[in-house]
Amino acid sequence: MHSRVGFLLACTKRRSSTSTCSTVLLSTLFSSLHNRKIFAACHRRILIGSDVSKVYFFNESIFCGLGQLRGFCRYPGTAALEQFSDDEYECDYENHPASSSVANVDEWKWKLSLLLRNEKDQEVVSRDKRDRRDYEQISNLAKRMGLYSEIYGKVVVVSKVPLPNYRPDLDDKRPQREVVIPLSLQRRVEGLLQEHIDRTQLSSAKADIILDGTKSSDIVTNANMDENPDSFLDGAVMEKVLQRRSLRMRNMQRGWQESPDGNKMLEFRKSLPAFKEKERLLQAIARNQVVVISGETGCGKTTQLPQYILESEIESGRGAFCSIICTQPRRISALAVAERVATERGEPLGDSVGYKVRLEGVKGKNTHLLFCTSGILLRRLLSDRNLDGITHVFVDEIHERGMNEDFLLIVLKDLLPRRPDLRLILMSATLNAELFSSYFGGAPMIHIPGFTYPVRANFLEDVLEITGYKLTSFNQIDDYGQEKMWKTQKQLAPRKKKNQITALVEDAVDKSNFENYSPRARDSLACWAPDCIGFNLIEAVLCHICRKERPGAVLVFMTGWEDISCLRDQLKAHPLLGDPNRVLVLTCHGSMATSEQLAGTAKSRFSAKDYSDHMALVRAYEGWKDAEREGSAYEYCWRNFLSAQTLQAIHSLRKQFIFILKDAGLLDADTATNNKLSYNQSLVRAVICSGLYPGISSVVHRETSMSFKTMDDGQVFLYANSVNARYQTIPYPWLVFGEKVKVNTVFIRDSTGVSDSIVILFGSTLDSGDMAGHLKMLGGYIEFFMDPTLADCYIKLKEELDMLLQKKLQDPEVDIHKEGKYLMLAVQELVSGDQSEGRFVFGRENKKPKDSKDTDRFTRDGTNPKSLLQTLLMRAGHSPPKYKTKHLKTNEFRALAEFKGMQFVGKPKRNKALAEKDAAIEALAWLTQTSEKNHDEDDKSPPDVTDNMLKLLGKRRRSKRR
């Protein structure tokens, strides 16, 4: 008897008895000694939870003396069965050649005859590679018998009814996605969702009180208070709401600080000089109404000090009561600093950190740190003289002494006596710090020592030495533009008169000593033409930086737009610098139109590398509207290869849609209100997904390519003119599309990349799976696996969003921005923060949820499931299991238990010990799954699975004894 014996899994319920007909038929089919040897040689590696194929269990008596289970048709009253696959079971056929095609086709005649006689069965499914080898003959046989056949990858199907081009139920690579988002993001979303639910319940209770017995005058009063949703709450209730919000803010902050990304960011922040003065600064601000802080550039005073106050207030449980304003002299500074601080806090801009500049701003209800220009704060002081609700004001860069800054200091000095609880922090460079201190009555000063970032200056001779580039009289010619020939001839012609710059440079070169440089560099300097731009030298330097230096950014200053555009064209043609997956080339100029400053290639100039054809079309339309207002629409279309007639038709359709929505009461008359969230690209993607779903394709990355698959067509390809077709990688797991084209294969046209959260929230029906943390869409074609708490969050968020939208459709007067403010913030937070960190898995088993009582059986009375599993394996004569643990991005651990070629994956846990125990429980649960013993719910004895192990391994033990 062959020594290699594999496990046989039960995927259907064990039948208590087997029909005589089935037993005789199987006994006849598997009686040969040849087949028995092959069956004994079968070995199978089983990956529980990741790569499980279907294997079917039969009554044990049938297999006594039987051989290899090669293939059979379904029988009346039994479940649909699949063929055993040779390639799946790795059978040893070295001494056992495969059966001939003639014998295989004869067997198919018998199977198809049984199929025709059985009214209940509709098809025969086979995964045997011999059937794929003989598919043409099997197909002809089925056609002659009036049946339909199709081959799906490694699966052959013969059916009584016509078959589609693709069968997702037979696709082992159909989309199964493990969804992962940062734990801090999940907590923020759960907090906002709970806030929405609390406010909804509170509003409902208030409405009941009004309906029960309030007077009509009270109703009018409450109606007028809708401008402020919190105005009807008394002080005690509002205090409790703020306290609860402060607690959530503290939990979110701690979650971020304890995460791996948060720890990494905190280590960087600790390296700044401002961190050493943190406690001293906080104490000074708490004890004094005005503090003057001076520090060198790079010390961290602008980004860190406001954060220190906010973090301190949040940690003390007063985060919701804190409101900080930090002014900047320039709008670009306010925007850049706000983005940096939001990044350091691990949250999107507009949550607790926002900014406000003229005609632009990103802030929300939960914004407690606002960066703005001095003019914005002055304008607020016009209507709010006391800055009610503001606890801290930072005035940065006061040493610049602008008119707005000086006037702001005058107004704030007048305000301080009226607001003794207000704290004013003035930040300046070292220069004139004493002046501002004396202006505010001798306010205490704190100096933060700084450091300058190292800057290395390389001159032309250094660049030539480092790169090894050789200058000649020909490779310095700037041959570009419409007058290319004339410029070339002019540069090659001998100079009659030197310009002033050339003369100065040549004199400096003659007086310089280049003895420390190589002869090659000295020869290049001798050939240098100072009045040439030198595109080739720039290209050589950029190539050296890309190949030798660390990743980063390079800024190249040119003399004008013509030089910029020509250098861009030259770089785009370079094999390295023109590769969009390695180098991103941006062209910027003060007089350029906004559309000309987008990233991407010349063919996709309207794509900002956002992996969306639809957004590129929107930009093209907006650019056309701007050009039309300026009277240059024709030139715009000609320059960008656009059709004016098509754009005009789009404009006409857009006006019709707007009219329909306004007529239904779904749009406000003020268009600015309708588009106030248009800056949120992730939310725009969500709207696109909602409109195009179920037109969705999975994006699976291979080693050197990508695979796209839809439910109706299986493998598809991207249309050549799609902006996504030019990328080697797409950072989104899904593409939504509206149109497919079939030539020889199926192509999808315009597409947009979307994240897991967008698909789950905006992709129509969402169903719960058979186990905790398992969600399904499109009838089970798309499956999501995640932490159960995250799945519950998705389900509840989607339910609340659907109810809010339904309410808006039923009553267009409903203001969803007021009634669903926190729900909308939760949705924005989730779709913006999901960075698609999950992964695709294939062949994952959809197990039914284990009863908690089953789990308790392995941990009852302090039993260690790892010890129990090891004991069972040792008693069966096997080595103890091995455990492998992986640290997840969610700061959790997932373990894998492995023995006898099988792997059992546990659920994510907070530490390694719990993760390994859960993996052991998964293995024990599988082992007990095949036992015939029915465990009584009241049975307190530990599970006895030794019997089961002996039964599974009995043949091997007998073979050893022989």
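Just the heavy atoms: all of them, side chains too, but no hydrogens, waters or symmetry mates, feed the values below.
Taking CZ of Phe899 as the reference point, atom NZ of Lys882 lies at 13.5 Å (rounded to 0.5 Å). To the nearest 0.5 Å, atom SG of residue Cys793 and atom CG of residue Asp787 are 10.5 Å apart. How far NZ of Lys776 is from OG1 of Thr765: 12.5 Å, rounded to the nearest 0.5 Å. In this structure, CG in Leu869 is found 13.5 Å from NZ in Lys917, a value given to the nearest 0.5 Å. Atoms CD1 and CG, on Ile138 and Asp131 in that order, are 4.5 Å from each other to the nearest 0.5 Å.
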Derivation and outcome, side-chain contact (heavy atoms from CB on, under 4.5 Å), residues Asn118 and Leu114: CA-CA 6 Å; Asn118 191 339; Leu114 289 179; over 6 Å; no

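With Glu315 as the fixed residue, the side chain to side chain donor-acceptor pair (under 3.5 Å) test singles out one of Gln257, Arg250, Arg254: Arg254.
A donor-acceptor contact shorter than 3.5 Å links the side chain of Ser697 to the backbone of Lys709. The closest donor-acceptor contact from the side chain of Tyr166 to the backbone of Tyr152 lies at 3.5 Å or more, if one exists at all. Side-chain atoms of His701 never come within 3.5 Å of backbone atoms of Gln728 as a donor-acceptor pair (strictly under, hydrogens ignored). Checked by atom type and distance alone, the side chain of Asp834 never pairs as donor or acceptor with a backbone atom of Ser755 at under 3.5 Å.
Taking the ring axis of Phe784 as reference, the NZ or CZ atom of Arg177 does not stay both within 45° of it and closer than 6.0 Å to the ring centre.
Note: His887 and Phe893 have parallel aromatic rings, judged against thresholds of 30 and 60 degrees for the angle between ring planes. Ring geometry, His774 versus Phe785: the interplanar angle falls under 30°, so the pair is classed parallel (tilted spans 30 to 60°).
The salt bridge (Lys or Arg N to Asp or Glu O under 4.0 Å) test applied to Arg248 returns Glu195, Asp198, not counting sequence neighbours.
A salt bridge links Arg839 with Glu178: the distance from a Lys NZ or Arg NE/NH1/NH2 to an Asp or Glu carboxylate oxygen falls below 4.0 Å.
For Lys912, the NZ atom sits in a loose shell: 12 or fewer heavy atoms of surrounding residues, nucleotides or ligands are nearer than 6.0 Å.
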